[in-house]
J.: 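Sharing a structure below in structure tokens format, with a few things to ask.
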Number of protein chains: 2
Amino acid sequence: MEEKEISQAVIGRLPRYLRYLGDLKDEGIERVSSQELSDIMQTTASQIRQDLNTFGGFGQQGYGYNVGYLYDEIRKILGIDREHRLIIVGAGHLGQALVNYTNFERRGFIFRGIFDCDPKICGKKVRGITVRPMEEMAGFIRDNDIDIAVLTIPKTSAVEVAQKLADCGIRGIWNFAHVDLPVPAYIQVENVHLSDSLMKLSYNISSVQEESETDRKVDGNGQNR
Amino acid sequence: MEEKEISQAVIGRLPRYLRYLGDLKDEGIERVSSQELSDIMQTTASQIRQDLNTFGGFGQQGYGYNVGYLYDEIRKILGIDREHRLIIVGAGHLGQALVNYTNFERRGFIFRGIFDCDPKICGKKVRGITVRPMEEMAGFIRDNDIDIAVLTIPKTSAVEVAQKLADCGIRGIWNFAHVDLPVPAYIQVENVHLSDSLMKLSYNISSVQEESETDRKVDGNGQNR
DNA sequence: AGGGTTGTGTCAATCGATTGACAAGAATTT
DNA sequence: AAATTCTTGTCAATCGATTGACACAACCCT
């Protein structure tokens, strides 16, 4: 079924394509060429064509790409054409903030449960979802067919909990804890290391400082890399 | 002062080095070789040496690297040997969660102010910090020598607010809004596109599914790339 | 103090990712 | 209907990042 390994660099760009295509759809635009899209997105037309061709020919010569069709195809590739069921592990500030962020649900990521080891928090409701004790987690994952666990607990217990999650058959872990998780290769881990991100910003601020004699031209490109 | 452009790939790995060096320090370990470190971090010794040499020779032949010294040097490189003053723009769930996350302060990122356009929220206190109306933002940035603005507002107003931040001389923007920000090149933007990250996870889960006939070997490497 | 060992800094080779170029197919114009 | 324009898919070239190899410096043991 799988032919060749697809690079994470390409995958990482797909959500951004999806975002711009969604904007175009909202504006009622039906077709777009790689050149037009690259102008808007501040990238090269060649990269867009190369990226899309990794998954097959979605465009048509002399016409370009159909916005709605391409949008749907990228959704399928990313696996967000179906619902994902998530649980939050760690009902602290961040965990609660994520549950309250309704945009995820709009994209098909549905929060089904919240777990915490603190008995004082258990029983409390966050956006209608009851916080449950950790002991119930394994059963809950199996009973509710949970795809993804969101780890918003301190690093001290993260590795242990990740092990537990692996044992009860979770498919992916969205990891906000500031550690690398050693899990079997068939479990996917996506790290969101917020403090790493802040440190990168700190570096980039400082390095701009140092080259302050250089010209300060406006570039206007806000994409991450 | 600047000699050659340093790649973001290298910068992106520095916080991870710092994390593992901190762990070694806590264990009381004084010296480490690139080989030992690469074994722990699941990378190559060559990459570690190459990365560190971008900034100068921190090691000694036949000895390796002094953990404490290297730790301090990387902190200096990242610019986290001094304090950074931040404001939160957008006092929603995520903004409040970030203010309450004490680990940032421990690393020298100090939250000085919170701003929101909703008058109902203004005046409220989050971890001792009063939420102020947006009108006061520009003055506050100048008066309090603010480095970094954290953007936790909806995408609809993000571009406009970023423009305002640029005008009053902010140095960096930590952007949680789901848009690319067009700002002058001397302002650094670090994007945290949470839904993009979730979509990547979704893809990787699905792609593992498809190649399920392949061997399920344990790899134990939790690093992001 | 000398010899063996360790391990860095660096250069070269490999590997992967991005960009450029163009042939050919489809649309549009005349 | 033919000519022209547009624009993809793809191949080749370039560019950048990672890995491997090794000379030589510093350490450690006897």
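Residue numbers start from 1 in every chain, and the chains themselves are labelled A, B, ... in the order their sequence lines are given, proteins ahead of strands.
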J.: Can you check whether any acceptor in the base of C:dG7 is under 3.5 Å from a donor in the side chain of B:Ser34, or vice versa?
T.: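 No such pair is found, so the answer is no.
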J.: Mind checking B:Thr44 for me? I need base, sugar-phosphate or nothing, with any heavy atom below 4.0 Å counting as a touch.
T.: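 Answer is sugar-phosphate: B:Thr44 comes under 4.0 Å of backbone atoms only.
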J.: Using a cut-off of strictly less than 4.0 Å, decide whether B:Tyr63 has a side-chain nitrogen or oxygen near OP1 or OP2 of C:dT5.
T.: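 False: B:Tyr63 side-chain N/O out of range (4.0 Å or more) of C:dT5 OP1/OP2.
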J.: Atom CG of B:Leu165 and atom CD of B:Glu160: how far apart are they, to the nearest 0.5 Å?
T.: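 Going from the CG atom of B:Leu165 to the CD atom of B:Glu160 covers 10.5 Å.
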J.: Separation of B:Gln35 atom CD from D:dA21 atom P, in whole Å?
T.: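 It is 13 Å, rounded to the nearest whole Å.
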J.: How close or far is atom P of C:dG7 from atom CG of B:Asn53, stated in whole angstroms?
T.: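 B:Asn53 atom CG is separated from C:dG7 atom P by 17 Å.
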J.: With a 4.0 Å limit, can you tell me whether A:Gln47 has a side-chain N or O closer than that to the phosphate oxygens OP1/OP2 of C:dT18?
T.: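 Indeed, a polar side-chain atom of A:Gln47 lies that close.
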J.: Hey, is the side chain of B:Ser33 pairing donor to acceptor with the base of C:dG7 inside 3.5 Å?
T.: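 Not at all, since no donor on one side and acceptor on the other fall under 3.5 Å apart.
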J.: Using whole Å, report how far CG of B:Leu70 lies from P of C:dG7.
T.: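 Rounded to whole Å, this separation is 15 Å.
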J.: Find the distance A:Gln8:CD to D:dA17:P and express it as a whole number of Å.
T.: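 Spelled out: CD on A:Gln8 to P on D:dA17 is 18 Å.
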J.: Assess whether a salt bridge exists between B:Asp51 and B:Arg16, defined as any Lys/Arg side-chain N lying under 4.0 Å from an Asp/Glu carboxylate O.
T.: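 Salt bridge between B:Asp51 and B:Arg16, a charged N being under 4.0 Å from a carboxylate O: no.
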J.: If you find the nucleotide of DNA chain C closest to A:Gln61 and the one closest to A:Ser7, which residue's nucleotide is nearer the 5' end?
T.: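 Going by which nucleotide is closer to the 5' end, it is A:Ser7.
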J.: Please check the phosphate of C:dG7 (OP1 and OP2 only) for any side-chain N or O of B:Arg31 closer than 4.0 Å.
T.: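 The answer is yes; a side-chain N or O of B:Arg31 sits under 4.0 Å from OP1 or OP2.
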J.: Whole angstroms only, please: what is the CG-P distance between A:Leu37 and D:dT7?
T.: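 To the nearest whole Å, that distance equals 13 Å.
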J.: Please give, in whole Å, the distance from D:dT7 P to A:Leu52 CG?
T.: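 Atom CG in A:Leu52 sits about 15 Å away from atom P in D:dT7.
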J.: Which pair of non-hydrogen atoms, one from A:Arg31 and one from A:Gly62, has the smallest distance, and what is that distance?
T.: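 In terms of heavy atoms, the two residues are closest at NH2-O, 3.9 Å.
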J.: Considering non-hydrogen atoms only, spot the tightest contact between A:Phe55 and A:Ile11 and give its length.
T.: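 The pair with the smallest heavy-atom distance is CZ-CD1, 4.0 Å.
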J.: Please determine whether a side-chain nitrogen or oxygen atom of A:Arg49 lies at a distance below 4.0 Å from atom OP1 or OP2 of D:dT8.
T.: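 Result: yes.
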J.: Return yes if the base of C:dT10 and the side-chain atoms of B:Gln50 contain a donor-acceptor N/O pair under 3.5 Å, otherwise no.
T.: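 By the distance-only test, no, there is no pair.
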J.: Nearest to the side chain of B:Ser46, heavy atoms from C-beta on, is which of C:dT18, C:dT19, D:dT19?
T.: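 Per side-chain heavy atoms of B:Ser46, the pick is D:dT19.
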J.: Under 3.5 Å, is there a donor on one side chain and an acceptor on the other for B:Asp167 and B:Gln163?
T.: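 Yes, B:Gln163 and B:Asp167 have a side-chain donor paired with an acceptor closer than 3.5 Å.
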J.: Distance check needed: C:dT6 C1' versus B:Glu36 CD, whole Å only.
T.: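 After rounding, the reported distance stands at 11 Å.
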J.: Given atom CZ of B:Phe58 and atom C1' of C:dT10, what is their separation to the nearest angstrom?
T.: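 B:Phe58 atom CZ is separated from C:dT10 atom C1' by 16 Å.
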